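Chain letters run A, B, ... following the sequence lines, proteins first and then strands; every chain starts at 1. Because the structure is predicted, anything quoted here is derived from the model rather than measured.
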Amino acid sequence: MEVTTPVLVARGLTRRLGVGAGAREVLHGVDITIEAGEFVALVGPSGSGKSTLLYLLGGLDHPDAGSVEIAGEDLARVDDDTLAKLRNRLIGFVYQFHFLLPEFSALENVLMPLWARGGGRSREDRALGLELLGRVGIAEKAGKLPRELSGGEQQRVAVARSLVNRPKLLLADEPTGNLDSANANAVYELFRELNRDLGQTILVVTHDTDWAARSDRILRLLDGRVVGDERRREERA
Amino acid sequence: MIDHLRIAEAQLRGRPRQTAIALASVGVGSAMLIVTLSLTTGLSEDFLKKTTESSANAEVLARRPQGWKPEKLPLPGEVVMALSRHHVPDEKRAIRALSGVLAALRSLPSVRVATPAVEAQAVLVYGTVRRSAALAGVVPELERAVTSLDTKIVRGSWAALSRTPDGVILGSQVARALGVDVGSHLQAVGPDGGGLPLKVVGIVASGLSQVDKTLALVNLPLAQGLAGLSTDQATTVRLALTDPVEATRVAREAEQRTGYVCRSWQEKNAASVEAFKRQNMITLALVLFTTLVAAFGVANVLVQLVADKRRDIAILRAAGFSRHDLGMIFLHEGVLLGLLGSAVGWLLGAVLIRVVAALPVDFGESALVRNEHLQMAEHPSFYFAAFGISVVVCALAAVQPARRAASLEPTAILRGEH
């Protein structure tokens, strides 16, 4: 796939956490550009600011300085409600823990981001949800509640949920951190497939060196600064 | 349109025990409100109903209205002779020129029946037993159009009074106190001392202690004689109106027309109605506290729910739900608890009203109103009031938890999970 348009452009991202004497700067002017269709791993030791960066890139948090543009929309310049709408339209999230709504079935959890815009109830939406569950390999579990699914299955539901709004950018925070190696590998394959087949742009925060090694590009974060940007796509191709 | 209700409902369903407790507390609060409204309204309605049944819609009294001047009253074409008289101390207080007054009253379009009566305090004597009574001389055929006492006869008959010139109809408690029954002969001693032989022809049980303890109805001429009045004099004229609700307006008209004070049943019972109102307000205020306690229960459940659902709230926010949406979800939960809780309250209230109404009670002879059961009123308004109050109170109880849910920062929660 030809990589041309930037999906994500972050410039000079700075973020302080904590208050008063305990406040400290976690990110010191981070610049990142991710092109459409890239499969990027963000790696770094604990406390390097990976999750903080991910939340800023995903519009879940406001930077103290700098800007984040996703598909041309500046997330740092909009109010809270507009930001929520942009998150809903542009970004998909997968977390280390599956974070499903326990009272709703797998299919309903997948459709949940569509509820936020008043959808998720039409026949088309349900068909899309089922298709996504099929893509992650658990279509037959669509009616099950999260507690009736295994950890791996729950994470697959979470992946399907992150895709339902056809996001420009899929952000994942240690998506396999809570899974055994077999399930972790399956989730990796799933991401790889989404990237390859759908051209889905993916940024994954991971500790998993194997996962990082298999991505197109590795961004290394240390003490709140990007210290490495390694493109591996050509090698893989 | 975002389906806040759907998420709210699912979250409540996911916490069946806490939800059930919240519903029960709202239900009990709203049932208490319904039952209290039923009880207090039932008591005052019963009192008023019995009072209006045993008294006229309006009564013309043997008193002149304040500032009354006879000059103002000539009817068209009538020659009026204005006599200036000083008050004669031993003159009987009475409505004079009764036939003229009756004619004037009967000419009013709102007056259905106007019937004279002579009321006098008397002592009834039966053997050695003496009881004071409110002796009233009436025209039996007309009186039955003015009050419903004829339907409250428990022994003897109303018609017998017309047939028996010296007949008397007694209140049930007077009869019991004297130890008399239908057919008994007794004496009535008037204010001036003269004794009058009477024969009991009927006994009335109105349910109102004031009436049953003092009533002694005789024929008008007898009472006129006992009170020392002429046949063209009476102490009151009782009115039955086409529309009893209009009684106060008609009373003013009657005063204008006759020059005598006229009191509507509303004016006569104003003090009782006011007392009932005050008492009902106090009771209701106390019961509203029950609803407030239920509101605390709802608030508690929702605060707990917000705390338990922090992670879900973060997920919903991350997926694009706005702060407003999150607030609305929890507000909907409050409203939902109010709606379902008041449905529980409706059922519980309806059952309790029936149970309480079926319980036998006896407040004794000194009670204002005598009944074998509590008189429970049941109006749709009680249910709607309980419904409205429960829903509003529960929605208010949800405001703080909803604000809290709306203010949660998703990153703080997501970070905390790591």
Tell me whether A:Asp210 at atom CG has more than 12 heavy atoms from other residues, nucleotides or ligands lying less than 6.0 Å away. yes

Any Lys/Arg nitrogen of A:Asp80 or B:Arg323 sitting under 4.0 Å from an Asp/Glu carboxylate oxygen of the other? yes

Do A:Glu108 and B:Arg6 sit within salt-bridge range, that is, some charged N less than 4.0 Å from a carboxylate O? yes

CZ/B:Arg317 to CG/A:Leu60 distance, rounded to the nearest 0.5 angstrom? 8.5 Å

Spacing of CZ belonging to B:Phe321 relative to CZ belonging to A:Arg87, to within rounding of 0.5 Å: 11.5 Å

Interatomic distance, CG@A:Asn88 vs CG@B:Asp325, rounded to 0.5 Å, equals 10.0 Å

pair A:Leu101-B:Lys309: side-chain heavy atoms closer than 4.5 Å: no

Heavy-atom pairs under 4.5 Å with chain A are the metric here; pick the option from B:Ala314, B:Pro410, B:Ala10, B:Gly14 that has the most. B:Ala10

Residue A:Thr82 versus chain B: region with a heavy atom under 4.5 Å: neither

Side-chain contact test, heavy atoms from C-beta onward, threshold under 4.5 Å: evaluate it for B:Asp312 versus A:Glu103 and give yes or no. yes

With a 3.5 Å cut-off and sequence neighbours excluded, list the donor-acceptor pairs that the side chains of residues 25-33 of chain B form with protein atoms.
| residue | atom | partner | partner atom | Å |
| --- | --- | --- | --- | --- |
| B:Ser25 | OG | B:Ile21 | O | 3.4 |
| B:Ser25 | OG | B:Ala22 | O | 2.9 |

Contacting region of A:Leu17 [heavy-atom separation from chain B under 4.5 Å]: side chain

Contacts of B:Gln279 meeting side chain to side chain donor-acceptor pair (under 3.5 Å) (sequence neighbours excluded), chain-then-number -> none

Tightest non-hydrogen contact, residues A:Ala116 and B:Ala319, listed as CB-O, 4.3 Å

Let me see the working for A:Arg161 and B:Ile315 under side-chain contact (heavy atoms from CB on, under 4.5 Å), right down to the final yes or no. CA-CA 11 Å; A:Arg161 178 181 65 191; B:Ile315 292 301; 3.6 Å; yes

Tell me if the CZ atom of A:Arg126 is crowded by more than 12 foreign heavy atoms within 6.0 Å. no

Point-to-point distance, once rounded to the nearest 0.5 Å, from CZ of B:Arg13 to CZ of A:Phe104: 7.5 Å

